[in-house]
Amino acid sequence: MATNGATNGDVPPPPHSIYDTILVLDFGSQYTHLITRRLRELNVYSELLPCTQKLSELSWKPTGIILSGGPYSVYAADAPHVDPAVFELDVPILGICYGLQEIAWHHGKNVAAGDKREYGRAALKLEKHAATSAHVSQLFADLPQDMEVWMSHGDKLSKLPDNFVTIATTSNSSFAGIAHTEKEYFGIQFHPEVTHTPMGTRVIKNFAVNVCKARQDWTMTSFVDQEIARIRSLVGPKGQVIGAVSGGVDSTVAAKLMKEAIGDRFHAVLVDNGVLRKGEAAQVHATLTKGLGIQLHVIDAADRFLDLLKGVADPEKKRKIIGNTFIDCFEERALAIAKEAENTLNAGPIEFFLQGTLYPDVIESISFKGPSQTIKTHHNVGGLPERMSLKLIEPLRELFKDEVRVLGTSLGIPEDLVWRHPFPGPGIAIRIIGEVTREKVRIAQEADEIFIAEIRAAGLYRQISQAFAAVMEGRAVGVVGDQRLHGYIIALRAVQTTDFMTARAFRFDMEWLERVVERIGNEVEGVARVVYEVTSKPPATIEFE
Ligand SMILES: Nc1ncnc2c1ncn2[C@@H]1O[C@H](COP(=O)(O)OP(=O)(O)OP(=O)(O)O)[C@@H](O)[C@H]1O
Ligand SMILES: O=c1[nH]c(=O)c2[nH+]cn([C@@H]3O[C@H](COP(=O)(O)O)[C@@H](O)[C@H]3O)c2[nH]1
Ligand SMILES: NC(=O)CC[C@H](N)C(=O)O
Ligand SMILES: [Mg+2]
């Protein structure tokens, strides 16, 4: 849902009330979100909830249920289990890996540790079965007799549960696919959601479309129309909305939707905290106002931030100062902007705060695993709505990053912005180890500009997930024009990652790197050394602080 419960008049219903929705129950597998992605790629709407979801607390009825994989063993004392009411709901169920084992556990507890772990590729063979019900053959309908699948398990079914038939096997798994002879329950030991199972999407489609009979009518265009209608009725004819917009893809796409919905009653604010990329505030301003028609207020607070950061070397303290000052600046200006608009636009007071929250953030916060350890305090603007007593609007709450990119493109947001590498809220301050000074900020900005320009010129920008230049602590000796230079050390970092949870350094051509280093040495005053940092995440993180 796109709100925290606030309503104004007739708010159109949430997507799961409009579309046939497949509910994915998450047992904590690394791939669970991919199941939702694959379904949506098939234009079937899907939502993900924790495996502990009580059905009695669900306000809508799913068209089908998928039980995901998970790291536990169903027979362990503390293993998670679904609400048994799932099996009374009379909707089709597909269990994947742990999900298969959970179905078997529910139907007779025949699951145990296998003698061999099966990890990686496996050859699946479809089985002839004697079942009379038509539904049994639907999961693998129109698929080849032999296909490659991807497995990742150590446990297995010790026996076929009563009223089930085997529909697929591998050399190591006698029950790689099972189906209930009467009810529309299926279990598969392999993972159809990963790309290493080439026919996987067809298995998911067979379940969703053939078995569950879900309509394939979820599209981005219908999403945009509905979301705009939702925002309009939520905000009402006079309400105003403010939003912090960084120029990153999430906040820009959210802002563009807002602009489409309520025009100039939406006020976007960018805080120039002095640790943005070089020329960024001006560039974002131009793109948003001229390119997208969004009126963006830029608060120039560079001196304020940099003065407060003087003498502070501790990373967490730096983050806190930036986060708090951000809120102060934003609050001061937002109220003034609102007052002015009340007069000029004859609009009502500001009641809402726009946030670019994405579905992965929602999934993370509803995970049954509980919050993970804080490695770094991420800067966000979460404190604002409460402090200013505003209600949240989160139009991208149901979308994944790549869906946001598709949406951004369809809303006319330039390619350049849609594919921009993510940039952290505390910006260059967490790319300068130790104290932040104006000189170090300048050096980081200039080196970053050269590095990114060269990456773009080499056609590598889209292959790299995130790249930047950082300034190390201390100084090194160099020699320029026969003179001793006691200058700064720049570290270049470029990583490839899909989810930013793990990452690997990008492998540049050495000669290319040498040329970039040479340019930085020649063009950025005060630099004595440039290094390329190749530590993976883990053990390192992507940012330096
Ligand atoms: N300098 C800034 N001025 C205004 N808002 C900001 C600024 N920096 C961050 N924000 C706010 O904090 C939110 C979180 O930042 P984050 O970098 O995670 O997302 P993003 O900038 O929208 O997208 P991306 O992840 O692509 O950079 C942004 O959506 C935006 O609302
Ligand atoms: O908005 C943000 N506020 C923050 O405080 C913050 N810290 C890290 N990041 C971004 O998160 C991703 C993972 O970064 P780390 O490996 O350094 O934790 C990378 O994409 C980082 O750029 C942040 N983004
Ligand atoms: N990937 C999974 O779902 C694994 C399920 C279970 N933990 C096993 O090892 O068999
Ligand atoms: Mg950003």
Side-chain angles (χ1 to χ4, degrees), residues 27-32 67-76 79 95-102 111-114 117-119 150-157 173 189-191 242-255 268-276 280-281 284 296-299 301 305 315-316 318-319 322-323 326 329-330 353-358 361 374-382 384 396 401 404-405 408 417-427 429-431 465-466 468 493 495 497 499-503 537-538 540-545:
F27 283 95
S29 148
Q30 314 239 30
Y31 316 110
T32 307
L67 309 179
S68 84
Y72 311 90
S73 289
V74 283
Y75 48 79
I96 295 173
C97 202
Y98 186 98
L100 154 81
Q101 296 164 7
E102 176 71 358
V111 181
R117 273 167 53 82
E118 198 173 15
Y119 190 87
W150 194 81
M151 295 270 199
S152 168
H153 69 116
D155 299 330
K156 61 180 194 183
L157 272 55
S173 291
Q189 188 60 71
F190 61 93
H191 287 269
I242 52 166
V245 174
S246 63
V249 56
D250 309 337
S251 52
T252 306
V253 171
V269 179
L270 171 85
V271 179
D272 182 353
N273 52 15
V275 283
L276 300 178
E280 184 157 37
V284 172
L296 179 75
H297 305 263
V298 177
I299 304 180
F305 279 86
E316 283 297 298
K318 287 182 352 188
R319 282 167 181 275
I322 294 174
F326 180 89
C329 289
F330 190 90
F353 183 80
L354 174 76
Q355 210 150 35
T357 317
L358 303 191
D361 308 324
T374 302
I375 307 290
K376 302 176 182 186
T377 315
H378 271 219
H379 150 276
N380 62 46
V381 287
L384 261 173
L396 310 179
K401 190 86 167 188
V404 171
R405 292 199 159 120
L417 201 158
V418 162
W419 288 97
R420 233 154 80 127
H421 291 172
F423 184 71
I430 55 171
R431 296 175 175 177
S465 313
Q466 197 171 8
F468 57 88
R493 184 131 169 89
V495 296
T497 171
D499 56 9
F500 295 88
M501 302 295 287
T502 59
K537 173 181 180 175
T541 54
I542 295 171
E543 303 290 349
F544 280 82
E545 287 198 334

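Excluded from the calculations below are hydrogen atoms, water molecules and symmetry mates; all remaining heavy atoms, backbone and side chain alike, are included. Order of listing sets the numbers, starting from 1, for every ligand and every atom in it. Note that the numbering runs from 1 along the sequence shown for the chain.
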[X], any N or O under 3.5 Å of ligand 1 N or O:
| X | result |
| --- | --- |
| Pro424 | no |
| Arg420 | no |
| Pro422 | no |
| Ser246 | yes |
| Phe326 | no |

Answer yes or no for [X]: is there a heavy-atom contact with ligand 1 below 4.0 Å?
| X | answer |
| --- | --- |
| Phe330 | no |
| Gly356 | no |
| Ile299 | no |

Next item on the list: Number the atoms of ligand 2 from 1 as they appear, then name those within less than 4.0 Å of a heavy atom of Lys537, with their elements.
Entry: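 Atoms satisfying the 4.0 Å criterion: 13 (C), 15 (P), 16 (O), 18 (O).
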Next item on the list: Nearest heavy atom to atom 22 (O) of ligand 1 wins, so pick from Gly274, Ser251, Ala254, Ala268.
Entry: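 Heavy atom nearest to atom 22 (O) of ligand 1 belongs to Ser251.
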Check: Looking only at heavy atoms, is any part of Pro424 under 4.0 Å from ligand 2, and if so is it the side chain, the backbone, or both, or is it neither?
Finding: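 It is both parts that get close, each with some atom under 4.0 Å.
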Check: With His153, which residues qualify under ring-ring contact (aromatic ring centres under 6.0 Å, His included), at least two apart?
Finding: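 Not a single residue meets the ring-ring contact (aromatic ring centres under 6.0 Å, His included) criterion with His153.
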Which is it for [X] and ligand 1 at heavy atoms under 4.0 Å: side chain, backbone, both or neither?
| X | value |
| --- | --- |
| Asp272 | neither |
| Thr252 | neither |
| Arg405 | neither |

Item checked: Sub-4.5 Å side-chain heavy-atom contact between Leu270 and Val298 ->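 Yes, side chains in contact.
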Need the list: ligand 3 N/O atoms against protein N/O atoms, distance under 3.5 Å, rounded to one decimal.
| from | atom 1 | to | atom 2 | distance (Å) |
| --- | --- | --- | --- | --- |
| ligand 3 | 1 (N) | Ser152 | O | 2.9 |
| ligand 3 | 1 (N) | His191 | NE2 | 3.4 |
| ligand 3 | 3 (O) | Gly70 | N | 2.8 |
| ligand 3 | 3 (O) | Gly70 | O | 3.2 |
| ligand 3 | 3 (O) | Tyr98 | N | 3.0 |
| ligand 3 | 7 (N) | Gly70 | O | 3.3 |
| ligand 3 | 7 (N) | Tyr72 | O | 2.4 |
| ligand 3 | 9 (O) | Gly154 | N | 2.8 |
| ligand 3 | 10 (O) | Gln101 | NE2 | 3.0 |
| ligand 3 | 10 (O) | Gly154 | N | 3.1 |
| ligand 3 | 10 (O) | Asp155 | N | 2.9 |

Next item on the list: Test salt bridge (Lys or Arg N to Asp or Glu O under 4.0 Å) on Arg420 and Glu280 and set out the steps.
Entry: CA-CA 12 Å; Arg420 233 154 80 127; Glu280 184 157 37; 2.8 Å; yes
